[in-house]
S.K.: 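Submitted below is the structure of interest, expressed as structure tokens.
Naming convention: chains lettered A, B, ... in sequence-line order (proteins, then strands); numbering from 1 in each chain.
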2 protein chains.
Amino acid sequence: MVAARAGVSTATVSLVTSGKTAGRVSTDNIAKVEQAVSELGYVVDGLGSSLARGRSNIVILVAPDVSNPFFARVIDGVRSEIGAAFQLLLSVTEAGQMPTPAEVRTLLSLRPAGLLVDAPSAEFLAALPAAGPMVLLDTAGVESAAPSVNFDVAAGAVLLADHLAGLGHTTVAYLDSTTGTETFRVRREAFCRHARTLGMEVAAQAGTTIDVSAAAQAFAGAWPQWQRQGVTAVVCCTDTHAYGVLQEARVARLDVPGQLAVTGFDDLPYSETSSPGLTTVRLPAAELGRAAGRQLLRLLAGEELDGPGAAGRSLTLDSELVVRGSTASSAAPGP
Amino acid sequence: MVAARAGVSTATVSLVTSGKTAGRVSTDNIAKVEQAVSELGYVVDGLGSSLARGRSNIVILVAPDVSNPFFARVIDGVRSEIGAAFQLLLSVTEAGQMPTPAEVRTLLSLRPAGLLVDAPSAEFLAALPAAGPMVLLDTAGVESAAPSVNFDVAAGAVLLADHLAGLGHTTVAYLDSTTGTETFRVRREAFCRHARTLGMEVAAQAGTTIDVSAAAQAFAGAWPQWQRQGVTAVVCCTDTHAYGVLQEARVARLDVPGQLAVTGFDDLPYSETSSPGLTTVRLPAAELGRAAGRQLLRLLAGEELDGPGAAGRSLTLDSELVVRGSTASSAAPGP
DNA sequence: CTGAAAGCGCTTACAG
DNA sequence: CTGAAAGCGCTTACAG
């Protein structure tokens with residue numbers, strides 16, 4: 001070990017570089033080591049260090065969809081909490097897929113300090129070996145004993161149904177996602193259940209991937225039928241789907257919200273500036289990331305998550321209805 | 001080492017798990033080891049293995065903007081080439097930023113088998129310690145001795161200028177990016193130079209981040225002035241910028257392409273289905289990722305990249321002009 | 001073909 | 001306060 005050439009043992013160097021000098025190293029030696037370290041540009045080797053202490057200082061974030069503006073904000077939230085202490089790395093899988101069991105094993109063999117798992121499927125969790133500290137994000141609808149942070153999407157769906165019913169809509173369509181994530185099932189079921197309670201009919205459902213043009217095409221295909229059924233509002237399971245509907249509505253020269261109201265979930269930045277602005281259920285993405293980061297940090301510090309005074313194993317973040325032009329001034333629809 | 005309980009030495013087990021049995025292990029022992037491995041669910045520990053061989057089997061992809069549909073396709077390309085042999089991990093930095101020198105050192109201390117660096121700034125490369133195998137992606141305009149794969153964005157810009165001149169445009173505006181990436185400078189300069197050669201005036205330039213609504217606002221602010229100057233086309237440095245312009249043009253009830261032609265760079269999926277479809281310079285993202293992955297694989301195999309028959313250290317992928325409705329039937333603009 | 005041994009670069013009890 | 005030593009889990013010459 002090069003830095004040992006600064007006149008002390010490797011043990012002392014190790015104590016200094018890992019900051020465990022409290023009452024164990026003389027200030028004299030600390031200074032010597034620090035100088036040698038900076039002279040040699042020495043960096044502690046992550047591999048040796050990790051092997052010796054049993055785990056690395058990386059945190060792996062596993063997610064099905066890395067490139068998605070919504071998820072970008074989640075990542076940013078995570079980074080702002082744990083970035084200083086740990087090296088955050090994203091696992092890369094086939095688009096829209098969770099890692100296979102084999103990939104997970106490879107990941108785990110790097111001995112990450114912790115794991116963050118976004119939007120896991122039930123099968124993924126079942127196949128996941130009980131590894132070290134782990135926090136789940138956005139896992140609505142999936143059972144798990146692991147600590148998790150979620151959005152209250154069901155409450156948002158209820159607010160949305162109230163809003164549409166209040167505007168006089170009686171027949172609506174629901175545009176769902178075809179990715180199997182449970183959160184979409186929860187959104188749909190909560191909305192449909194409450195809508196029926198309010199006397200609204202959810203006339204039809206369709207589903208596409210989370211993609212503007214796929215949603216646009218699906219809407220274009222379904223609209224003639226929906227129109228015949230008297231649909232006056234389309235509730236989309238994500239803002240991205242809603243963008244597709246708005247786009248196609250424009251092509252078809254439909255008046256939004258006069259002839260058709262459109263809503264989404266997420267509140268992506270674009271929803272504020274689209275024309276008309278999109279009424280949507282705001283899901284606080286960055287806060288989700290931050291909360292998950294904090295949970296993991298607590299876990300890593302050995303804190304009990306469910307002890308007295310703790311925030312609890314399972315956190316739920318409030319969602320919120322943001323009303324904009326895509327529903328605001330809806331004309332009262334006919335029967 | 002647990003698997004040694006299968007009746008052989010750890011050395012033999014290691015030979016089997018790393019697939020180096022050729023003429024060194026009896027088929028009898030291979031079978032025994034394989035059975036023990038599967039019975040015990042043994043996975044080679046990445047840390048110990050990496051430490052012993054001097055490098056890990058992870059490849060780190062460093063990029064300034066992970067969540068961007070264009071980059072998602074690059075990632076997918078990389079994954080398809082190297083995914084089987086290496087664990088691909090994405091470094092996570094503050095949105096739009098390259099990792100700091102300190103972050104890079106931490107990354108490097110994990111001893112990645114190789115590094116892939118997307119859209120690096122000159123400063124980043126200068127600060128990068130000469131590490132192991134590395135391939136640069138999309139590094140147009142930045143000097144470096146490292147192997148790289150690039151788009152021929154300048155050639156695409158020239159095709160675009162030709163196309164607009166052929167349609168009769170004489171005054172155009174350029175909507176640039178404010179992220180400092182060199183590729184944007186190259187796009188702009190190549191376009192402006194050739195446009196002037198063709199007798200077109202590039203009346204005005206503006207810049208925003210790569211964001212639909214930022215671009216929309218910038219266009220809304222600039223349009224009155226541009227209109228006075230006789231601008232009949234807006235050339236955008238990315239499709240995302242162009243979406244903002246299209247959106248705002250719709251709000252302002254501008255006829256595209258009758259009153260205003262709009263173009264982009266990238267050819268994102270949405271450009272095909274937007275209305276009108278977007279004329280754009282197609283940059284083959286997935287192919288960029290694949291080519292970079294292949295280069296890195298060669299480097300890791302110890303191949304010389306510039307030897308005879310090799311593909312060369314520096315690859316350039318052709319860009320291509322895709323003409324769609326946003327320019328197709330432009331009316332001849334007045335003076 | 002096989003195993004005992006050294007070593008990868010660190011950290012952490014343990015004596016002093 | 002400090003250093004010699006053991007050990008983290010593997011791989012790879014090296015003898016046999």
S.K.: Given A:Glu81, which partner from the list A:Arg298, A:Arg290, A:Arg294 fulfils the salt bridge (Lys or Arg N to Asp or Glu O under 4.0 Å) test?
M.R.: A:Arg294
S.K.: Both distances under 3.5 Å, Watson-Crick or G-U wobble: report the partner of D:dG3, or none.
M.R.: C:dC14
S.K.: With nearest nucleotide decided by heavy atoms, which residue, A:Thr12 or B:Gly48, maps closer to the 5′ end of DNA chain D?
M.R.: A:Thr12
S.K.: Given A:Leu136, which of A:Val142, A:Leu125, A:Asp118, A:Val62 fulfils the side-chain contact (heavy atoms from CB on, under 4.5 Å) condition?
M.R.: A:Leu125
S.K.: In whole angstrom, what separates B:Leu47's CG from C:dG9's C1'?
M.R.: 11 Å
S.K.: With nearest nucleotides of DNA chain C determined for A:Ser49 and B:Ser26 from heavy-atom distances, which residue corresponds to the more 5′ nucleotide?
M.R.: B:Ser26
S.K.: How is A:Arg53 classified with respect to the nucleic acid when contacts are heavy atoms under 4.0 Å: base, sugar-phosphate, or nothing?
M.R.: sugar-phosphate
S.K.: Starting at the 5' end of DNA chain C, which residue's closest nucleotide do you reach first, A:Ala11 or A:Leu51?
M.R.: A:Leu51
S.K.: Over how many whole Å does the gap from A:Ile30 atom CD1 to D:dT2 atom C1' extend?
M.R.: 13 Å
S.K.: Taking all heavy atoms of B:Thr17 and all of B:Ser14, pick out the closest pair and write down the distance.
M.R.: OG1-O, 3.1 Å
S.K.: Measure from CG on B:Leu110 to C1' on C:dG9 and round the result to the nearest Å.
M.R.: 14 Å
S.K.: Need one value for B:Arg111: base, sugar-phosphate or nothing, where a base atom within 4.0 Å counts as base even if backbone is also close, heavy atoms only.
M.R.: sugar-phosphate
S.K.: Considering non-hydrogen atoms only, spot the tightest contact between B:Arg73 and B:Ala285 and give its length.
M.R.: CB-CB, 3.8 Å
S.K.: Whole-Å distance between D:dA13 P and B:Leu15 CG?
M.R.: 11 Å
S.K.: Could you check how far CZ of A:Arg24 sits from C1' of C:dT11, rounded to whole Å?
M.R.: 11 Å
